[in-house]
Structure formats: structure tokens, C-alpha cells
Amino acid sequence: MADIMQMFSYPFMVRALIAGTFISLCSALLGVSLVLKRYSMIGDGLSHVGFGALAVAMALGAAPLKFAIPVVIIAAFFLLRISENSTIKGDSAIAIISTSALAIGIISVSLSTGMNTDVYNYLFGSILAMSDSDVILSVILSAIVIILFVFFYTKIFTITFDENFARATGIRAGIYNMLIAVLTAVTIVLGMRMIGALLISALIIFPSLSSMRVCKSFKAVVLCSAVISVICLFAGVCASYIWAAPTGASVVIANLTAFIAFSVAGRIRM
Amino acid sequence: MSLIRCKDLKLEYEKNVVLKGIDFEVSSGDYLCVVGENGSGKSTLMKAILGLIQPAGGTIEFGDGLHRNEIGYLPQQTAVQKNFPATVREVVMSGCLNRRGLRPFYSSHDKEEAYKNMKLLDIDLHAGESYRGLSGGQQQRVLLARALCATSKLLLLDEPVTGLDPIVTREMYSVIADLNKKNGITVIMISHDIEAAAEYASHILHLHNYQLFFGSKEDYVRSNAGRQFLGQDITDEIPRGDFYG
Ligand SMILES: Nc1ncnc2c1ncn2[C@@H]1O[C@H](COP(=O)(O)OP(=O)(O)OP(=O)(O)O)[C@@H](O)[C@H]1O
Ligand SMILES: [Mg+2]
């Protein structure tokens, strides 16, 4: 307990937890829609594109987040188009784009700085090394994502539940799909700084899968995922502090534990 | 001006023509039944009316001040995943969305409307239950309630009674007939149940990748297409009065 009190006395810890809370909320909210629309693959693809973009930005000496966010938004646009177009095999196309982006990233890294801590941090996350400006950018962008999600909540439910009905009754589903993709892109780039490119999709997928084990309504699933996500963040950060484990991986393990607990609870209730 | 008018309509999927030469109109208050064999293009026509696919030729015009966001739709098969978490209330409410515009949340008027339609279809007691836990017939009622929330003018129903037992089928038909007669909602319904079509509809559109027949129900039962489909002998020239008894 004393350890945890001491943990909160470090400003970098408090900053990390503030930014982390916002990012966890975003990823949990969007995750519900992505999982139910079967877009989880897009999230995973975008994280690879995000890593490629960050690596290129570092090689060029550009500001990593400000460079990566627009690139990933553009990639999101393409991936969405591909998965909507049923004539191309969606998942193989996503795999092509994500592996190519990763390859470009690796080449830029080896041609420029080599495998340094920055690169390592983007791959595996570095919530504790977030600078002040990273934290401010994360909080502002996350707040925008959350506000837009709440504002368009009813539309997001409807196009997630039955997109054809939404289109048929005059709702412009394409625009809202695009909105989901853009919000996802922003969340993934921010999450990469925190959890790492290799692990960020876990942050998107786990909370909603866990809450779907026990909740009946869409609203309950959304709220429950948000709560699970934030609790797992705190649990993961505390655990990593106490046992000196990598933070990103600890948060994912906390989510895995929650998932197992909810699955068991869901089974028992059935 | 009629509510919907299709002129020389041609529909295709990636250059495969599914329907051509479709010419018909629907006026306010009509009850049009679309009949035809499997694969004859019925659902495709409905999707074109809804704007889900674009015509490859010809036109679909809306009249009588009908807007695209004033149409209620009951899809043939809703590809909702088996484990989608949503309550009956959430699903029905989503029908109200099309008139919200950019406004973010449902109003109390929307909630009343949803409740009224749930009551009409006898699912109000299930409002808080999860949609995926309902029986097929109950799910169909939920989707009809959702369609009703979306419109007070025009309902498009694609095989609304598939998978329902005979009693529930009867009830469903009488609910739809009531909506048409009492509430003045125009109905376009796809059905394989030709007897019910002949009983409730005011007009019949018979498709077979082209338009086999369009006109009033009375004319249809006398036409060759109709009598063949109704399983009557086409060489028999005298209309059989017993059908309407
Ligand atoms: N998405 C699609 N892509 C390509 N072809 C399609 C598509 N949907 C339908 N078709 C083809 O169009 C034709 C008409 O299909 P449609 O669904 O309109 O038939 P239907 O009259 O509704 O049949 P049913 O009674 O079985 O519902 C079929 O031959 C079908 O193979
Ligand atoms: Mg059909």
C-alpha cells in the first residue's frame, strides 16, 4: 500500500495515469463498435501502419505523433474502403498494407538511428516516458474522440447493429463508418505511445469482449468496457511499478485477467 | 403524383442483369405485394427503391413529398450476429434515428413512439430483454416495430413472415393490414405466400427478371400469370369465382 502511495507522489506517474485514463476510455468505447462490426483486423493493421509512420518520422527528424496521426488516418480511410469492397479479399489486403508499412518502418530505422530506445518504446510502449507535450496532446485528442463518440452514440449503435437498415432509412452510414475509422486511427497512434504498437489492439479488443460476456444491452457494454479499461490500466501500472515489469505488457495482462474473470462470470450466470 | 414511380428500370449486379423493363407506380394508401420465384429479383428491386443499389437504367421517382428518411424497412434476413448485445428497446429506438438529423440523443417523443409501436406489436413486456434471446417470431416483431418507428408513410417489408408459425403469421398479416387501412401507411411487401397476397394486397407486381404482371389484385387473379402462379388451369377462360367466394 505504501508502495502505491509513493507511486502517486511521482509527477511522471500521475501524468502517465492521466493520459492513460483518457486513452483507455477512447479505446474501450471504439472497441465495442470495432469488435461488433468485425473491424478488429483494421485496428491491428493500423497499429502496424502507425509504427511504420513513427519510424519514418524519426528518420526524417519530424515530430513523431504529429506526423503519424495524419498518415494513420489516411491508412484508415483505405483499409475501410478495402473491407467495404467485397470483391477484394479484405483481410489479405489489410495484411499486405500492414506488413508493408512495418517493413518500411524497419528499413527507415536501420538506415537512420538503428534500434534505439525510442524505437523500442514505440514497439512496446513507454507510458512512463511520455513528455508533457505528449500528455497534453493525448488528453486533448482523447477528449475530442470521447465527445464525438458520445455525440454520435445513437448513430454508431444503429450502423453497428444493422448497417443496411441504417442506409435504407436514409442515414449516411458511409460518413459514420469513416468517423469510426478516423477516431480509431487517432486512438491507435496515441495508444502506441503508451502501450506499444505490438500491444495496442489488445487495449481496443479486450474490454469490449470482457463486457460482452456479461452485459445484455449495448449501452451497458459500452459503459462496462470503459470502466474495465480504466481499472485494468491502473492495475497494470501499479503491478508494473511494484514488480518492475514493462507497463504496456502489464496492462494487457490485467485485461486478460479481467477477460477470464468475466468469461467465468458469464458462464455461471447463464 | 404517385408516391413511387419506376420507369423502365434496369438493375444489375456487376453487369449481370437481374431485372429489366420494370414499370409500375405506387400511390399513397396502396398495399402492393411483390411476388415471384426465388432469385427473380424481388429483394433487388426493394434495395433499389431504398437507394442501397443504383439503377443501371431507368428511374425511380419519389412523389407526394416522400423523403428517403421517411421509409420503414424490414430486411429479408438481418445479418445481426448471434451474440450482438442489444435490448429490444435499443433496437426499436434505432428506428427513430432517421428523423433526428444531427441531434445526438432521442427525445421523449421518440421514446413514446417506440413504446407505442412495441405495444402495438405486443413486445412491450420484453423491452428490457436482450434481442438475441428472443424467438424468431419475436425478433421479427421487434424489427417491424423498428420499421414502424422509421415511418408514418411507407413500409417496405421483405418476406416478413418467413419462419413464423401459422398463427403468428396470421397475426402479422392482420397487423400489417391494420397499419395499411387504419393508419394509412402505404405497404410494399415481398411474399411467397400468394394466398395471403391475394387476400390483403390491393396491387400485385409479379417479377421474373422482367415484369410479368403489374396491376390490381382483381386483374391479377384473372391474368394468365396470376392463374398460373395461383395454381389454376390457364386454359380455363372463365374466372373462378370461388377464390373470392
Ligand atoms: N449482392 C449480390 N451480388 C451479386 N448478385 C446478387 C446479389 N444479390 C442477389 N444477387 C443475384 O440477383 C438475383 C436476384 O436476387 P434477389 O435477392 O433479388 O432475389 P429474390 O427475388 O429476392 O429471391 P428470394 O425469393 O430467394 O428472396 C439472384 O440471381 C442473385 O443471385
Ligand atoms: Mg429476396
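Residue numbers start from 1 in every chain, and the chains themselves are labelled A, B, ... in the order their sequence lines are given, proteins ahead of strands. Source: prediction; values computed, not measured.
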For the NZ atom on B:K153, are there more than 12 heavy atoms of other groups (residues, nucleotides or ligands in this structure) within a distance under 6.0 Å?
yes
Per-residue contact mode, B:V88 against chain A (heavy atom under 4.5 angstrom):
neither
Report the C-alpha distance between A:D162 and B:R146 in whole Å, list the side-chain angles of each, state the deciding distance to 0.1 Å, and finish with yes or no for side chain to side chain contact (heavy atoms under 4.5 Å, CB included).
CA-CA 11 Å; A:D162 188 351; B:R146 175 182 71 167; 2.9 Å; yes
Got a second to check how far A:F165's CZ is from B:N98's CG, nearest 0.5 Å?
6.5 Å
Using the ring pair (Phe, Tyr, Trp, His ring centres under 6.0 Å) rule, take A:Y153 and B:F105 through it: C-alpha gap first, then chi angles, then the decisive distance, then the call.
CA-CA 8 Å; A:Y153 169 80; B:F105 306 110; 7.7 Å; no
Can you tell me which portion of A:F152 sits under 4.5 Å from chain B's heavy atoms? Options are side chain, backbone, both or neither.
side chain
Bottom line for B:L102: the part with an atom under 4.5 Å from chain A's heavy atoms is both
If I take atom OG1 from residue A:T158 and atom CZ from residue B:R100, how far apart are they, to the nearest 0.5 angstrom?
12.0 Å
At their closest point, which heavy atom of A:T160 faces which heavy atom of B:F84, and how far apart are they?
O-CE1, 3.5 Å
Looking only at heavy atoms, the pair that brings A:K155 and B:G101 closest together is NZ-O, 2.8 Å
Identify the two heavy atoms, one from B:L97 and one from A:T154, that lie closest to each other, and give their separation to 0.1 Å.
CD1-OG1, 3.4 Å
B:R103 portion near chain A, given a 4.5 angstrom heavy-atom threshold:
backbone
Under 4.5 Å from any heavy atom of chain B - which part of A:V150
both
Could you tell me which non-hydrogen atom of B:P85 sits nearest to which non-hydrogen atom of A:C215, and how far apart they are?
CB-O, 4.0 Å
Nearest heavy-atom approach of B:R132 to A:K216 is NH2-CA, 4.3 Å
Between A:S211, A:A220, A:A168, A:G170, the one whose heavy-atom pairs under 4.5 Å with chain B are most numerous:
A:A168
Measuring from atom CZ of B:R89 to atom NZ of A:K219, what distance do you get when rounded to the nearest 0.5 angstrom?
9.0 Å
Please find the pair of heavy atoms, one from A:F218 and one from B:E90, that lie closest to each other, and give the distance.
N-OE1, 2.8 Å
Who wins among A:T169, A:V32, A:V221, A:I171 for the most heavy-atom pairs under 4.5 Å with chain B?
A:T169
With a 4.5 angstrom heavy-atom cut-off, which part of B:A150 approaches chain A: side chain, backbone, both or neither?
side chain
